[in-house]
Amino acid sequence: MSGPADSIEIQNVVASTGIGQELDLEALADDLPGADFNPDNFPGLVYRTQEPKAAALIFRSGKIVCTGAKSIDDVHEALGIIFDKLRELSIPVDEEPEITVQNIVSSADLGHNLNLNALAIGLGLEDVEYEPEQFPGLVYRMDEPKVVILLFGSGKIVITGGKRTDDAETAVEEIVERIDALGLLG
Amino acid sequence: RLRKWQERIRTKDAGERNLQFALSEIDRMASALGVPRSVREVASVIYRRALNEDLIRGRSIEGVATSALYAACRQEGIPRSLDEVAEVSRVPQKEIGRTYRYISQELGLELKPVDPKQFVPRFASALNLSEEVQAKATEIIDVSAEQGLLSGKSPTGFAAAAIYAASLLCNEKKTQREVADVAQVTEVTIRNRYQEQIEAMGFR
DNA sequence: ATCTTACTTTGAAAAGC
DNA sequence: GCTTTAAAAAGTAAGAT
């Protein structure tokens, strides 16, 4: 049975890790081709991987934030590339640094147009933020799973704030159920 | 202790001065926007509630005052767009919107989304359009909203397009530029909404 | 008039102001 | 709160052609 849950696509994964070693970012900026480092603007050095495509923010403390990856596997792959690059520069990197997924952004399609005005009232104005003058999406904060869902008139949605792959799936099933219960789904 | 006592008085005086400043700002902005006294009173009540619930910490007094006025206009059914409110405030539009969302949530104002129809009388009279055009614009908004065209669209742009369409239908034509100016939207937005609305009305 | 580019919103981490 | 990163959704806007 193909439903909205099957349309879920992970769009971005944010994760953090650390190599357990302090870094000289000035030196690293010179040794890493393509690295962007503007300490006046931001304390982190930006390094981008091509395959898989991702961006890493590397800090003086040795902590690293990886963003832009399309899957958790890609996060590990991209960070693996960065760990190796650092080792090539004779920087001691922990054997297998712990990688923590901090946020997963997914998109999905409910397959029906949505009446956002009716939805704002139906879902409860206290849990909803819908200000079409400022943004076309209705913002719905769900408690379980704890995610934020952006719903659009087209029926396309964005799920963000989750830390596990199945948070998006659970959230989509839940939101479909709630919208359907209101009689506002197709 | 005397020092502690004086500090309390000083704090109380400062708070009182801040409140007076906020209320006078609400008054000034309300006058500039031309909203009735009742709206200023509602805005004052909202501001005092925000003050009592300590929602101003970390935000500017002017920002909260402006947001309270924006909220009051909506609550009283005579909304002003964020653009219009920002014009009479010294706070940037982005901050007004963000602060409004915050106090609205914290105070549980639960204001319904702005209805485009609420802009019709004001925009239409600014364009010297007849009662007939207003009625037609209102009808266009109702019909196209019912067909789901309103979701995600800016209420001012939606109202502007309906007024433009109605002015054509009633032979009191206004140009897209004229309507765009009073509604503070672009001609492109009017054009886009207008096309959808005309189709929804069954006029090709 | 149409196209391109860009900005609005959500979420999270990092270090420092 | 801010700064930076990435990505989606859809509406609006601005500048160029």
Side-chain angles (χ1 to χ4, degrees), chain A residues 7-18 23 25 36-49 52-71 74-75 78 99-110 113-114 116 129-142 146-163 167-168, chain B residues 57-60 63 81-83 93-95 97-99 101-102 150-158 160 176 180 183-193 196:
Chain A
S7 71
I8 296 175
E9 285 181 43
I10 293 180
Q11 300 291 352
N12 184 21
V13 178
V14 180
S16 59
T17 187
L23 292 167
L25 297 183
D36 289 340
F37 184 45
N38 296 45
D40 292 339
N41 286 339
F42 189 69
L45 177 155
V46 181
Y47 183 73
R48 296 175 172 81
T49 58
K53 191 178 173 222
L57 304 177
I58 304 174
F59 298 88
R60 191 181 46 194
S61 62
K63 293 191 174 177
I64 301 174
V65 170
C66 178
T67 182
K70 290 284 186 193
S71 70
D74 281 358
V75 166
I99 296 173
T100 309
V101 173
Q102 302 288 357
N103 183 26
I104 298 178
V105 182
S106 299
S107 60
D109 189 351
L110 300 187
N113 287 339
L114 298 172
L116 300 184
E129 214 172 84
Y130 175 50
E131 294 294 330
E133 188 187 342
Q134 304 178 55
F135 185 70
L138 182 156
V139 182
Y140 184 64
R141 292 184 163 76
M142 188 175 272
K146 192 176 175 304
V147 297
V148 172
I149 306 176
L150 307 181
L151 301 118
F152 297 86
S154 64
K156 301 272 186 65
I157 72 175
V158 170
I159 307 95
T160 185
K163 285 185 159 52
D167 282 346
Chain B
R57 190 168 298 176
R59 262 156 282 270
S60 70
S81 67
L82 281 176
D83 271 307
Q93 192 200 312
K94 190 173 168 179
E95 188 187 326
R98 188 188 302 124
T99 304
R101 278 181 256 140
Y102 178 71
L150 181 55
S151 286
K153 269 80 166 205
S154 140
T156 48
F158 209 81
Q176 294 182 355
Q184 300 216 262
V185 297
T186 63
E187 295 170 84
V188 179
T189 294
I190 291 186
R191 220 170 285 141
N192 291 337
R193 297 305 134 246
E196 298 172 349

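The chains referred to below are lettered A, B, ... by the order of the sequence lines, with proteins before strands, and numbering in each begins at 1.
Toward the 5′ end of DNA chain C lies the nearest nucleotide of A:N12, the other residue of the pair A:N12 and A:V65 mapping further downstream.
Side chain A:T67 to base D:dA6: a donor-acceptor pair is found below 3.5 Å.
Residue B:K94 places no side-chain N or O under 4.0 Å from the OP1 or OP2 atom of C:dC7. Side-chain nitrogen and oxygen atoms of B:R101 include at least one within less than 4.0 Å of the OP1 or OP2 phosphate oxygen of C:dT10. Between B:R98 and the phosphate of C:dT9, there is no side-chain N or O to OP1/OP2 separation shorter than 4.0 Å. Considering only side-chain N and O atoms, A:S16 lies nowhere under 4.0 angstrom from the phosphate OP1 or OP2 of C:dA14.
Among residues two or more places apart in sequence or in another chain, the side chain to side chain donor-acceptor pair (under 3.5 Å) test is passed with A:Y130 by none. Take B:A183 and apply the side chain to side chain contact (heavy atoms under 4.5 Å, CB included) test, not counting sequence neighbours, and it matches B:F123, B:A160, B:V185. Looking at residues two or more places apart in sequence or on another chain, you find a salt bridge (Lys or Arg N to Asp or Glu O under 4.0 Å) between B:E187 and B:R177. Under the rule for a side chain to side chain donor-acceptor pair (under 3.5 Å), B:Q93 has no partner lying at least two apart in sequence or in another chain. Listed by chain and number, the residues in a salt bridge (Lys or Arg N to Asp or Glu O under 4.0 Å) with A:E9 amount to none (sequence neighbours excluded). Qualifying ring pair (Phe, Tyr, Trp, His ring centres under 6.0 Å) partners for A:F152, counting only residues two or more places apart in sequence or in other chains: A:F135. Contacts of A:K63 classified as side chain to side chain contact (heavy atoms under 4.5 Å, CB included), with partners at least two apart in sequence or in another chain: A:S61. Listed by chain and residue number, A:E26, A:F37 satisfy the side chain to side chain contact (heavy atoms under 4.5 Å, CB included) test with A:P39 (two or more places apart in sequence, or in another chain).
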Hey, can you pull the donor-acceptor pairs under 3.5 Å for the side chains in residues 11-18 of chain A, sequence neighbours left out?
{"residue": "A:Q11", "atom": "OE1", "partner": "A:K70", "partner atom": "NZ", "Å": "2.9"}
{"residue": "A:Q11", "atom": "NE2", "partner": "A:S107", "partner atom": "OG", "Å": "2.7"}
{"residue": "A:N12", "atom": "OD1", "partner": "A:G68", "partner atom": "N", "Å": "2.6"}
{"residue": "A:S16", "atom": "OG", "partner": "A:Q102", "partner atom": "NE2", "Å": "2.7"}
{"residue": "A:T17", "atom": "OG1", "partner": "A:E98", "partner atom": "O", "Å": "2.8"}

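Within 4.0 Å of A:S106, counting heavy atoms only, lies no atom of the nucleic acid at all. Note on B:Q93: nothing from the nucleic acid sits closer than 4.0 angstrom, heavy atoms only. B:V185 comes within 4.0 angstrom of the backbone, heavy atoms only, and of no base. Backbone-only contact: A:V148 has heavy atoms under 4.0 Å from sugar-phosphate atoms and none from a base. Using a 4.0 Å heavy-atom distance criterion, B:R57 is classed as making no nucleic acid contact.
Comparing the P positions of D:dC2 and C:dT8 gives a spacing of 12 Å, expressed to the nearest Å.
Rounded to an integer number of Å, the gap from A:I159 CD1 to C:dT10 C1' is 11 Å.
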Please tabulate the protein-to-nucleotide N/O contacts below 3.5 Å involving nucleotides 2-5 of chain C, giving atom names and distances.
none

Under 3.5 Å, which N/O atoms of the protein pair with N/O atoms of nucleotides 9-11 of chain D?
{"residue": "D:dA10", "atom": "OP1", "partner": "A:S154", "partner atom": "OG", "Å": "2.2"}
{"residue": "D:dG11", "atom": "OP1", "partner": "B:K153", "partner atom": "NZ", "Å": "3.4"}

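Counting only Watson-Crick and G-U wobble pairs whose two key distances fall under 3.5 Å, DNA chain C forms stems of three or more stacked pairs at C:1-8 with D:10-17, C:13-17 with D:1-5.
Looking at A:I104, A:I159, A:T160 one by one, the single match for side chain to side chain contact (heavy atoms under 4.5 Å, CB included) with A:V147 turns out to be A:I159.
Between B:R193 and B:E196, at least one side-chain N (NZ, or NE/NH1/NH2) sits under 4.0 Å from a carboxylate O, which counts as a salt bridge.
Using modelled atom types, no side-chain atom of B:Q176 and backbone atom of B:I190 make a donor-acceptor pair closer than 3.5 Å.
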